[in-house]
Amino acid sequence: MAIVEVKDLVKRYDGRAVVDGVSFSVEEGEIFAILGPNGAGKTTTVEIIEGLRAPDGGTVSVTGLDPQRDGGRLRQRLGAQLQASRLPAKLKVREALELYSSFYPDPADADHLLEQLGLSAQRNTVFEKLSGGQQQRLSIALALIGRPEVAVLDELTTGLDPQARRATWDLIERIRDTGVTILLVTHFMDEAERLSDRLAILDGGRVVALDTPGGLVARVDTEQRIRFKPSAPFDDRLLTTLPHVTALSHRDGQVLVRGNGDVLHEVTSALALNRIIAHDLRIEQATLDEAFVSLTGRPLDS
Amino acid sequence: MHAMLKTTEIEARLLTREPLMLFFSLAFPTILLTVLALVPALSEPAEDMGGVRFIDHFAPSVVVLTLALVALQGVPNVLAGYREQGVLRRLSVTPASPALILFAQLGLNFAMATISTMLVMAVGRLAFDIPLPHHMAGFALAFVVGIIALFGVGLIIAAVAPTTRAAGGMATVAYLLVIFFGGVMLPRFLLPDTITRLGAYAPPGVQALADAWTGSAPPQASHLLIMAGIAVLSAAVAARLFRWE
């Protein structure tokens, strides 16, 4: 059985369905991302999973528990890092962990957790003096201190610089490796692509697609673009006659081949047969961005 | 239980990191009394007060000031601030309830009010011969019932105010009303009769405190009962209205 099961979830605000029949399940030990633009209903969905909000329709089961009925027991097994949630300004890092530790029967070792999250040096720093990245990491620590089975992370890297984002991604993967199931909410394409084993794309309160990142990309029949500098000139027809090549152009000594399917294999084989080396070979593939546009009709950032 | 104690400990530590608030709650009432008592005219029996000294008459109002400071300036601001920052909401996804913070704040502020009042009494007695309350048990009862009623008012404000700023504003209005009726701005003997009569029922109930401290009889049962009723009612309303986010 999946560790999280959501079926036909509905939530209305002012008569409008913010979550409109969402269904998905999360397998134990995976990183599952919920991706979508702002207002898609992502946060509302996970708030219902966490038990913060009651659904208007549908069912939710987390580790076999109902978040509304069994909220108390569920909160011992689920850790959540909430979007835009702060701690008292003058609270020290280790005090926050001490406090949250006291809520659980068998908490993780706080010092070890701080070490894993790179916050050991900030043990006695007050919350308001932490950097954005450090505050996020503390929030993750608090979500994990209770040794949860499921961790819900909402908008983990918003407002972080690129280096902090990548460091956070590495961290999430290490956490998943310890056996925690991770439910990730994000509006960042690269984050979903990098981290998730599977993802659901939410748009307008509905699940528009549910697949692995690779699977979603493969569904979208977009072209691949191959650029290279040939070691020797060749007749264009060497490549343009290949079944999966759709176009070829030259610019400043660089060749651009457009195609789909197995075009890369065909091109490199044809070049090799004719003893032409492809220097500075660059391949651009369909990305999740393009898959999103294809599925919803508009870019994620709009 | 462990979580409640830990929460109280952490909130206490956070309190010590706001020295200004701590100073106001603990020391200011005593300082006010001292400053007034050092004025010769106020620490001598006054003819127009029926031979009573001003500072003896004023002491119960200092207690009102103490209670108003913690219940209407301390608690609502802290709780509304926590709510606005998402601190309470963050707790809602843990096994602990945000109510732990609320009870910790109430407990700590009750302790501060008690210490502050004891300080007022001690300094008053030792330095200025202000006698200790004649009816200690009645005073304690009036004190407890009065502070609970004020906490209730403060919590209702914290519950209904949409932002920290609004909470601060509303709380200050309530604070000024309470200390006015409590005879802090203008001494009670200068207030018109209607105000004094109304003031007996305004939290925390200065009349009951005054009767127990300097009066010849214990506080009137009706005053105490009505204040207890206000306490229960305001607590119930606050509990009903309070949102964690």
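The structure presented is a predicted model; accordingly, all values stated were derived computationally and were not measured. Naming convention: chains lettered A, B, ... in sequence-line order (proteins, then strands); numbering from 1 in each chain.
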Name the option with the most non-hydrogen atom pairs under 4.5 Å to chain A; the candidates are Pro95(B), Gly81(B), Ser92(B). Pro95(B)

At a 4.5 Å cut-off on heavy atoms, which part of Ser139(A) comes close to chain B: side chain, backbone, both, or neither? both

Is any NZ, NE, NH1 or NH2 atom of the basic residue among Lys6(B) and Glu95(A) found under 4.0 Å from an Asp or Glu carboxylate oxygen of the other? no

Cut-off 4.5 Å, heavy atoms of chain A, and the answer for Leu5(B) is neither

If you check every heavy atom in residues 9-31 of chain B against those of chain A, which residues fall under 4.5 Å? Glu9(B), Ile10(B), Arg13(B), Leu14(B), Arg17(B), Glu18(B)

Is the closest side-chain heavy-atom distance between Ser85(A) and Val87(B) below 4.5 Å? no

Check whether more than 12 heavy atoms from other residues, nucleotides or ligands sit under 6.0 Å from atom CD of Glu28(A), and answer yes or no. no

Can you see which heavy atom on Arg90(B) is nearest to which on Ala143(A), and at what distance? NH2-N, 3.5 Å

Please classify the contact of Leu78(A) with chain B as side chain, backbone, both or neither, using a heavy-atom distance under 4.5 Å. backbone

Step-by-step side chain to side chain contact (heavy atoms under 4.5 Å, CB included) determination, Gln85(B) to Leu87(A): CA-CA 7 Å; Gln85(B) 295 169 320; Leu87(A) 292 173; over 6 Å; no

What part of Glu98(A) gets within 4.5 angstrom of chain B, counting heavy atoms only: side chain, backbone, both, or neither? both

Going through the distances and angles, do Thr7(B) and Phe103(A) end up as a side chain to side chain contact (heavy atoms under 4.5 Å, CB included)? CA-CA 10 Å; Thr7(B) 306; Phe103(A) 301 156; 4.2 Å; yes

Contact part of Ala96(A) toward chain B, heavy-atom cut-off under 4.5 Å: side chain, backbone, both or neither? neither

Is Arg176(A) atom CZ crowded by more than 12 heavy atoms from other residues, nucleotides or ligands, each under 6.0 Å away? yes

Ser102(A)/His2(B) under side chain to side chain contact (heavy atoms under 4.5 Å, CB included): CA gap, chis, key distance, verdict: CA-CA 6 Å; Ser102(A) 74; His2(B) 177 44; 3.7 Å; yes

Heavy-atom pair count under 4.5 Å with chain B, highest-scoring of Ser101(A), Gly72(A), Pro148(A), Pro88(A): Pro88(A)

Heavy-atom neighbours of Arg12(A) CZ exceed 12 at 6.0 Å: no

Please check if atom OH in Tyr13(A) has more than 12 non-hydrogen atoms from other residues, nucleotides or ligands closer than 6.0 Å. yes

Output yes when a side-chain donor or acceptor of Arg75(A) lies under 3.5 Å from a complementary backbone atom of Thr94(B), and no otherwise. yes

Before giving the answer on side chain to side chain contact (heavy atoms under 4.5 Å, CB included), spell out for Arg86(A) and Glu84(B) the whole-Å C-alpha distance, their side-chain angles and the decisive distance to 0.1 Å. CA-CA 9 Å; Arg86(A) 306 170 62 73; Glu84(B) 193 165 279; over 6 Å; no

